[in-house]
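A short worksheet on the structure shown next.
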Amino acid sequence: MLAQKPPMGWNTWNTFGADINESLIRESADAFVDTGLKDAGYEYLVIDDCWSEYNRDPVTDRIVPHHEKFPNGMKVVADYVHSKGLKFGMYSCDGVRTCADYPGSFDHEFLDAQMFAEFGVDYLKYDNCYKPNNADGPTLYRRMAMALRASGRDILFSACNWGTDDVWTWIRAAGAHMYRSTGDINDSAESYRNIVKSQADKFGYSGPGCYNDIDMLTVGMYGKGLVGSVGCNDADYRSQFSLWCMFSAPLMLGCDIRHLNEQTLRLVTNRELLRIDQDGECRPPIIRDCLWDDTSRVMLKMLDNNEYAIAFYNMGEKDRTLPMLFTEFGLPAHSGYGFKVRNLFTGEDEGFYKEYMRIPVKAHDCAVYRAQLVRDK
Ligand code: GAL
């Protein structure tokens with residue numbers, strides 16, 4: 001079965017947009033291995049939009065790889081990615097053109113799926129632009145899912161219709177392994193916070209085999225690249241990355257992985273955070289705003305092995321102490337139980353809390369713990 005855990009990898013779009021080519025892909029595949037991303041579990045290297053010529057081949061009707069960007073075709077690129085022990089992803093669209101106006105797969109689904117399989121593709125991101133008005137979105141996703149299944153290759157199907165048509169209600173049945181539920185992210189605090197707010201109550205639909213995809217991460221972009229926007233600081237990146245983990249969302253990096261700084265690398269390879277993301281039970285967190293305004297959140301996520309993840313998010317502009325009342329999450333004080341916690345950024349055991357926690361958190365930052373529910377001695 002594909003996608004037993006939330007998929008992890010890297011995608012070209014956030015940083016490079018149309019500016020992609022074979023050397024970028026080779027260098028990025030090397031970087032997966034050399035930086036330790038691969039060892040940490042990152043697996044899929046995905047080429048997004050803009051990889052082809054503007055028109056299909058008039059004789060074969062096939063999409064043609066761009067002659068300057070990918071002069072040796074895509075099979076060679078896929079082979080290189082596979083030689084590094086990674087999986088290879090590509091992109092198409094359910095409309096007649098892709099979002100950046102290259103040929104889309106509408107009415108060519110089976111032909112294109114066969115071509116992707118011949119290239120050696122393991123993952124297909126499938127966008128939603130330039131769809132004929134009389135075409136039904138769910139039908140087009142089902143059609144491509146069937147074309148991929150008929151291709152003879154295991155290809156993870158990553159649907160990207162930005163949450164339209166109440167996607168969460170039908171996409172699992174349509175055969176996708178993950179589904180974009182929001183518009184495009186950019187590298188700003190406002191963007192990742194809005195994404196989380198809009199999806200916080202929708203993760204009940206997300207789980208093994210088909211995950212809510214809240215977009216590629218901007219962690220480590222620092223305002224550079226296509227969706228660079230105003231940029232974020234490291235506190236924001238800790239918040240963004242750990243939020244994606246609390247939701248067990250797919251983790252697709254979007255920064256230039258050839259030039260990761262130490263903080264970014266440490267964050268995205270934090271084994272404890274990754275364990276939360278990849279937790280086998282894949283439960284969404286229970287969420288409360290803790291200061292009766294819209295600028296803080298506390299979360300409790302049940303994990304397997306009877307453990308928990310606890311997280312505090314300060315989305316305000318001032319440093320504050322954030323309270324978490326255990327009774328609001330279901331644990332009464334008279335039970336005699338409380339949480340023994342370990343801070344996942346410092347690695348330190350921070351002792352036992354009964355009834356409540358009060359944790360100082362700097363503006364834009366977060367605190368994340370792994371917790372065990374134990375009896376007070
Ligand atoms: C958007 C999609 C982005 C990116 C872009 C390519 O629709 O949400 O993630 O794939 O198209 O043109």
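For ligands, and for the atoms within them, numbers begin at 1 and follow the listed sequence.
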Under 6.0 Å from the ring centre and within 45 degrees of the ring axis: does the NZ or CZ of Arg288 meet both conditions for the six-membered ring of Phe329?
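Yes, cation above the ring, under 6.0 Å and within 45°.
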Report yes or no: is the cationic atom of Arg97 (NZ for Lys, CZ for Arg) closer than 6.0 Å to the six-membered ring centre of Tyr130, at no more than 45° off its axis?
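No, a cation-pi geometry is absent between Arg97 and Tyr130.
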Steps toward disulfide bond (SG atoms under 2.5 Å apart) verdict (Cys93, Cys129)
CA-CA 7 Å; Cys93 182; Cys129 288; 5.3 Å; no
Side-chain donor-acceptor pair under 3.5 Å between Thr169 and Asp166, yes or no?
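Their side chains do not contain a donor-acceptor pair, so the 3.5 Å distance test is not met.
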State plainly whether the residues Lys75 and Glu118 are in salt-bridge range, i.e. N to O under 4.0 Å.
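No salt bridge links Lys75 with Glu118.
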If you look at each N/O of ligand 1, which protein N/O atoms lie under 3.5 Å away, and at what distance?
unit_1   : atom_1 : unit_2 : atom_2 : d
ligand 1 : 7 (O)  : Asp127 : OD1    : 3.0
ligand 1 : 7 (O)  : Asp127 : OD2    : 2.9
ligand 1 : 7 (O)  : Trp162 : NE1    : 3.1
ligand 1 : 8 (O)  : Trp162 : NE1    : 3.1
ligand 1 : 8 (O)  : Arg180 : NH1    : 3.3
ligand 1 : 8 (O)  : Arg180 : NH2    : 3.0
ligand 1 : 8 (O)  : Asp184 : OD1    : 2.5
ligand 1 : 9 (O)  : Lys125 : NZ     : 2.8
ligand 1 : 9 (O)  : Arg180 : NH1    : 3.1
ligand 1 : 10 (O) : Asp48  : OD1    : 2.7
ligand 1 : 10 (O) : Asp48  : OD2    : 3.3
ligand 1 : 10 (O) : Lys125 : NZ     : 3.0
ligand 1 : 10 (O) : Asp127 : OD2    : 3.4
ligand 1 : 11 (O) : Asp127 : OD2    : 2.8
ligand 1 : 12 (O) : Asp49  : OD2    : 2.8

Are Leu273 and Leu265 linked, directly or through intermediate hydrophobic residues, by side-chain heavy-atom contacts shorter than 4.5 Å (ILVMFWY only)?
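In one cluster with Leu265: Leu273, yes.
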